[in-house]
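Encoded as structure tokens, the structure appears first; notes follow it.
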There are 2 protein chains.
Amino acid sequence: MSENMARVTTRQLILQTAEVHFMRDGYKGTSTRQIAKEIGITQPNLYHHFKNKESLYIAVLEMVASKALEDLKSIPAEVQLNLEESLIKMTHYLRKTHPYNFSVMMNDMKTEISQESSLALYRIFQKAYLQPFADLFDAHSDQIRSDYDSQLLANHFFLVIAPYMNPDNLSYSRLTIEAIVDFFLNGVVKD
Amino acid sequence: MSENMARVTTRQLILQTAEVHFMRDGYKGTSTRQIAKEIGITQPNLYHHFKNKESLYIAVLEMVASKALEDLKSIPAEVQLNLEESLIKMTHYLRKTHPYNFSVMMNDMKTEISQESSLALYRIFQKAYLQPFADLFDAHSDQIRSDYDSQLLANHFFLVIAPYMNPDNLSYSRLTIEAIVDFFLNGVVKD
DNA sequence: GTCTATAATAGGATAGAC
DNA sequence: GTCTATCCTATTATAGAC
């Protein structure tokens with residue numbers, strides 16, 4: 001019962017606020033003081049809910065990944081979409097609901113946290129963000145050049161779209177998601 | 001005459017060491033103390049040669065960009081290479097001589113330094129790293145789909161290869177440069 | 001569960017002697 | 001041009017009262 005209460009706990013508030021900061025400013029760029037101040041608690045109070053900064057970071061990434069997994073997996077099944085439509089829809093979903101700095105996030109996962117946690121997080125990350133794309137490529141393997149496996153393709157696709165997910169990054173390039181997917185599928189060379 | 005002396009000045013030592021640290025660990029991840037320690041000078045001494053950390057960072061990026069510009073520009077002209085061969089050679093050159101964390105670098109350029117410097121650096125960066133690719137696309141525009149201009153294509157190409165330039169990043173994906181260029185040009189869909 | 005107080009550290013930067 | 005000494009600030013983290 002108490003689990004289903006609508007009341008937002010301090011722990012949840014911390015997680016929500018930390019998500020915004022970590023995903024936008026990275027691990028080093030985020031301070032526990034700032035998070036605490038923003039939600040109106042003292043900084044030491046944060047250490048009652050989380051062991052330290054790293055465990056808070058991990059909790060945020062686990063939360064974010066579980067949301068991504070649930071939603072990304074359901075998109076191709078939702079309606080009958082072809083490969084290109086699915087990629088476009090999934091990428092749009094990512095940019096709308098996860099407008100993160102994935103480049104920074106992938107870097108932080110490797111450099112800012114302990115090695116064991118780093119490996120565990122990478123698996124969670126892979127399952128949440130990469131597997132849905134790998135599954136999609138598998139489902140349409142008849143249309144895809146057979147030289148490379150779906151995991152590698154998913155990995156590459158994610159690296160390609162990652163810099164476009166960050167809203168702060170729009171200054172660089174103004175390719176639409178449709179164009180990015182088109183280039184990924186068909187290349188830039190004339191037929 | 002004194003400019004051409006083989007003796008390595010302290011200023012040059014600082015620049016060389018700072019390059020390694022900034023490009024691998026990013027702006028925040030690099031400390032002036034560490035740089036000084038590594039070359040056997042005191043940290044305050046560094047402030048005799050550079051106004052502050054930011055101006056050192058800018059000097060490093062200017063140095064790095066001028067090297068890139070010189071070499072990248074010369075590759076397509078060097079021998080008569082077609083589009084694919086040029087892209088492969090230029091990308092190999094980049095990974096060999098600039099094995100940097102470009103994602104972190106691009107992020108630092110926008111977030112860690114003053115706005116004026118940021119804009120100036122972005123122009124230098126664009127001229128050094130993007131223009132050679134844009135020129136190449138222009139030179140082979142007959143083979144390229146005409147929907148997008150060469151600047152946009154160069155930008156996109158650089159974003160695609162950037163995560164593969166960082167040697168620490170190899171764990172993720174093991175696509176070869178040849179495969180990356182092939183995918184970029186021809187896409188992943190069967191003919 | 002939240003607070004105050006404070007420790008411990010690290011980092012950028014300056015003053016001033018040599 | 002390089003050093004020692006030192007300041008200032010920001011940050012993570014802990015101790016212990018309420």
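In what follows, chains carry the letters A, B, and so on, assigned in the order in which the sequence lines appear, proteins first and then strands, with residues in each chain numbered from 1.
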Distance check needed: D:dT11 P versus A:Asp25 CG, whole Å only.
11 Å
In whole angstroms, how far is the C1' atom of C:dA7 from the CD atom of A:Gln43?
12 Å
Separation of D:dG1 atom P from B:Gln12 atom CD, nearest Å, is 13 Å
Under-4.0 Å salt bridge between A:Asp142 and B:Lys190
no
Starting at CG of A:Leu46 and ending at C1' of D:dT11, how long is that distance when rounded to a whole Å?
13 Å
Please tell me whether A:Tyr93 and A:Asp71 have a donor and an acceptor in their side chains that are separated by less than 3.5 angstrom.
yes
Would you kindly say whether B:Gln34 and B:Gln43 are connected by a side-chain donor-acceptor distance under 3.5 Å?
no
For atom NZ of A:Lys37, is the number of surrounding heavy atoms from other residues, nucleotides or ligands below 6.0 Å larger than 12?
no
Can you tell me the distance, in whole Å, between the CZ atom of B:Phe50 and the C1' atom of D:dT2?
15 Å
Nearest to the side chain of A:Lys53, which nucleotide is it out of D:dA13, C:dG12, C:dA15?
D:dA13
Is any side-chain N or O of B:Thr42 closer than 4.0 Å to OP1 or OP2 of D:dT2?
no
C:dG1, OP1 or OP2 - any side-chain N/O from A:Thr10 closer than 4.0 Å?
no
For D:dT2, take OP1 and OP2 only and decide whether either is under 4.0 Å from a side-chain N or O of B:His49.
yes
It should be established whether B:His48 places a side-chain nitrogen or oxygen under 4.0 Å from OP1 or OP2 of nucleotide D:dT2.
no
By the 4.0 Å heavy-atom rule, please label B:Thr30 as base, sugar-phosphate, or nothing.
sugar-phosphate
Taking atom P of C:dG1 as reference, at what distance in whole Å does atom NZ of A:Lys51 sit?
19 Å
Spacing of A:Phe22 atom CZ relative to D:dT12 atom C1', expressed in whole Å:
12 Å
Answer yes if the side chains of A:Asn101 and A:Asp168 hold a donor-acceptor pair under 3.5 Å, and no otherwise.
no
Measure CD1/A:Ile39 against C1'/C:dT2 and give the value in whole Å, please.
12 Å
Compare side-chain N and O positions of A:Asn45 against OP1 and OP2 of C:dC3 and report whether any pair is under 4.0 Å apart.
yes
If you check the A:Arg33 side chain, which of C:dA5, D:dT11, D:dC3 turns out closest?
D:dT11
